[in-house]
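See below for the structure under consideration.
Please read these numbers as outputs of a predicted model, since none were measured by experiment.
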Amino acid sequence: MPVANSSPIEVYLADQLTEAIARAGFSLPEGARVEIEVPREEGHGDWASAAALALAKSARRPPREVAAAIVKAFSCDPGVLDRVEIAGPGFLNFHLAAAWLHDTLRRIVADPDTFGATDAGRGERILVEYVSANPTGPLNIVSARAASFGDALVRLLRASGYAADGEFYVNDWGLQAELFGASVRTRFAEARGAAAPAIPEEGYAGSYVGELAADLDPAQGAEWLALPEEDQRRRFGAWGIERMVASQRVALERFGVTMDRWFPEGDLHRSGALDVVLGRLEQAGHVYDRDGARWFRSTTFGDQDDRVLIRSNGIPTYSLADAAYHGNKFERGYDRLIDILGPDHHGHVTRMKALVQALGYDPARFEVILLQWVKLLRGGEVVKMSKRAGDFVTMEELVDEVGVDAARFFFLMRRGESPLDFDLELAVKRSEENPVYYVQYAHARIIHVLEFATGQGVPTPDPAGARLDLLSEPESEAVLRLLASFPSLVASAARAHEPHRITTYLKELAAKFHVFYHHHRVVTPDASLTAARLLLTKATGAVIRRGLGLLGVSAPEAM
RNA sequence: GCGCCCGUAGCUCAGCUGGAUAGAGCGUCUGCCUCCGGAGCAGAAGGCCAGGGGUUCGAAUCCCUUCGGGCGCACCA
């Protein structure tokens, strides 16, 4: 059976193993899948499975005996697998054939831009909602982290065969929008010496509001100032929000992030989607009246308290709009929804899951990833940020200071759930302390070596005829194995929704390549050896480029 | 008070959803440029995976509990 290029190798091995288990007369527990993984220890094979240990109990036989029976029943393409060994208490260690590694290397060189892509996601439609910052101010550093994470996740999912889209939910409706409108209005009036109410207590006092107001056509603004208070807020608010959204879009584009869709909350209100969703909740018996308000019985679904959907003043809450929004996402045909939220949205998760469930959707189809805060440092000193006073580091300022590459790479070095220390000084440092440069340097070095070879008159190596068996030193083989594991890594990072695994991998690959490079000359008097090493070098460059591409980080040819 | 996240080397963190002898970078100490890019490499030291109980063939990983951090608990978003 040939191995599909579009499927990670471990899927193939797991399938073969599953068949062998059945043939040997064992049965897996209901719904269980054979687990296959990369062993921590080198020397324990390229892949390993503990299936025999897991089966030993129900089979009432010693693990090693079970393992032996499975191995006996195991059959596999010898071009893929060299051998299967039983080790320790009953682990199955799979050793890949050198021929398979060599084929993989040829595949990378032949098609460098698609290596790592698989169909593991089987076309499942996923909507990733991220950033979704209020359109009442510039994007800040937490948004920058969310942008890096969400965009990398979308790229990862796509590379793994999911049909993923990225979306920004624009909160252009409700109290915040109104307060923003009032703030813009006041700044505009102040600049023109006109009388106006002070900025509300909870309004927006940042200096950017004044700068924004200065952009408004004076005649237009004056006309609006003549309107009643409520209309003033609405007009100035709508105008200001449109401008803020546009500038957020520009900032994100500059950061390398393009949303597939910007979804305005106002659309839901205008289309009557809230009423529809409320009706569905009522019909399902999850709504009741109390104290003049309409409540959602979210305690049914494990929430701590019931939540208000319609306030006693008749205005719907954000929760109801959010329910309508998520219903809308499902109606658009997405199989799964992922919300990437900031840590301040913690309290919403249970409520949102409850609403999704109450609307009749499988809660397993809705996942929330909570990113933690970013602590901004400059040379070890904490940089204070206070959104209230409008005194915070914006995404644009961050990019100005450290650049897109360093910013994105740093944000993706940690798991999303971990708080992140971001040291501005370290991010721009061009030294070994800075992992961005470590990886990018490896790429630049590779390009340089390839150019050097060409300059020496070395012919472009032919993958088909190359003696790849010459790549037998430990340092070469380590690089080769790591390259071959890239598609599996991408698939697992996508499945786990953990882009940081790519970052970790790239640091490791760069390190292994530096070691190889240090121990062996690429360009040697031996033409066959040179060709083999050039291919390995070329493939490494390609995979680094691919990996950085998944993170939205550039791979410079020279530094 | 209730709920969620976190606690791994001096520091910052990985550890692939329970596997074999817990890893990397930085920092510290010692070495390596006549040689394809030294923004690199080699080596040393550094650990009761916060503490305690449990689950099982097997736990940093799952459950309970204590301690210590972070964040949420609106008819704001």
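- Residue Asn93(A) places a side-chain atom within donor-acceptor reach of the base of A20(B), judged by atom type and a 3.5 Å distance cut-off alone.
- Nucleotides G46(B) and U28(B) are separated by 10 Å at their C1' atoms, to the nearest Å.
- When each of C4(B), G38(B), C73(B) is scored by its nearest atom to the side-chain atoms of His346(A), the top-ranked nucleotide is C4(B).
- A sub-4.0 Å separation between OP1 or OP2 of G15(B) and a side-chain N or O of His500(A) is present.
- Residue contacts for Arg501(A): at a heavy-atom cut-off of 4.0 Å it reaches the sugar-phosphate backbone alone, with no base atom in range.
- One finds a side-chain N or O of Lys57(A) lying less than 4.0 angstrom from the OP1 or OP2 phosphate oxygen of C57(B).
- Of the candidates C5(B), A77(B), C16(B), C5(B) carries the atom nearest the Glu417(A) side chain, counting heavy atoms from C-beta on.
- Minimum atom distance to the side chain of Arg414(A) is reached by A14(B), of the listed A14(B), G40(B), A20(B).
- As rounded to the nearest Å, A50(B) and G40(B) have C1' atoms that lie 38 Å from one another.
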Does Ser319(A) form a side chain to side chain donor-acceptor pair (under 3.5 Å) with Arg351(A)? I'd like the steps, not just the answer. CA-CA 8 Å; Ser319(A) 292; Arg351(A) 181 185 328 175; 3.1 Å; yes
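- The side chain of Arg415(A) sits closest to G15(B) out of A42(B), G15(B), G19(B).
- Searching all strands for a Watson-Crick or G-U wobble partner of C49(B) with both distances below 3.5 Å returns nothing.
- Judged by distance alone with a 3.5 Å cut-off, a donor-acceptor contact links the side chain of His348(A) to the base of A77(B).
- In this structure, G10(B) and C26(B) make a Watson-Crick or G-U wobble pair, each of the two defining distances being under 3.5 angstrom.
- The six-membered or imidazole ring of His326(A) lies near that of Phe366(A), with a centre-to-centre distance under 6.0 Å.
- The nucleotide whose nearest atom lies closest to any side-chain atom of Leu53(A) is, among A77(B), C36(B), G19(B), G19(B).
- The base of C6(B) has none of its N or O atoms less than 3.5 Å from a complementary donor or acceptor on the side chain of Ser418(A).
- In this model, the phosphate group of A74(B) is not approached by any side-chain N or O of Ser319(A) to a distance below 4.0 Å at OP1 or OP2.
- The CZ atom of Arg521(A) sits 15 Å away from the C1' atom of G40(B) (whole-angstrom rounding).
- A gap of 25 Å separates the C1' atoms of A14(B) and C29(B), to the nearest Å.
- Rounded to the nearest Å, the gap between the C1' atom of G23(B) and that of A77(B) is 42 Å.
- Syn is the glycosidic conformation of C33(B), whose angle stays within 90° of 0.
- Ranking A20(B), G19(B), C75(B) by closeness to the Ala87(A) side chain, first place goes to A20(B).
- Of all nucleotides listed (G40(B), C13(B), A42(B)), A42(B) comes nearest to the side chain of His519(A).
- Side-chain nitrogen and oxygen atoms of Arg290(A) include none within less than 4.0 Å of the OP1 or OP2 phosphate oxygen of C75(B).
- With distances taken from any side-chain atom of Tyr438(A) to the nucleotides A42(B), G19(B), G40(B), the minimum falls on G40(B).
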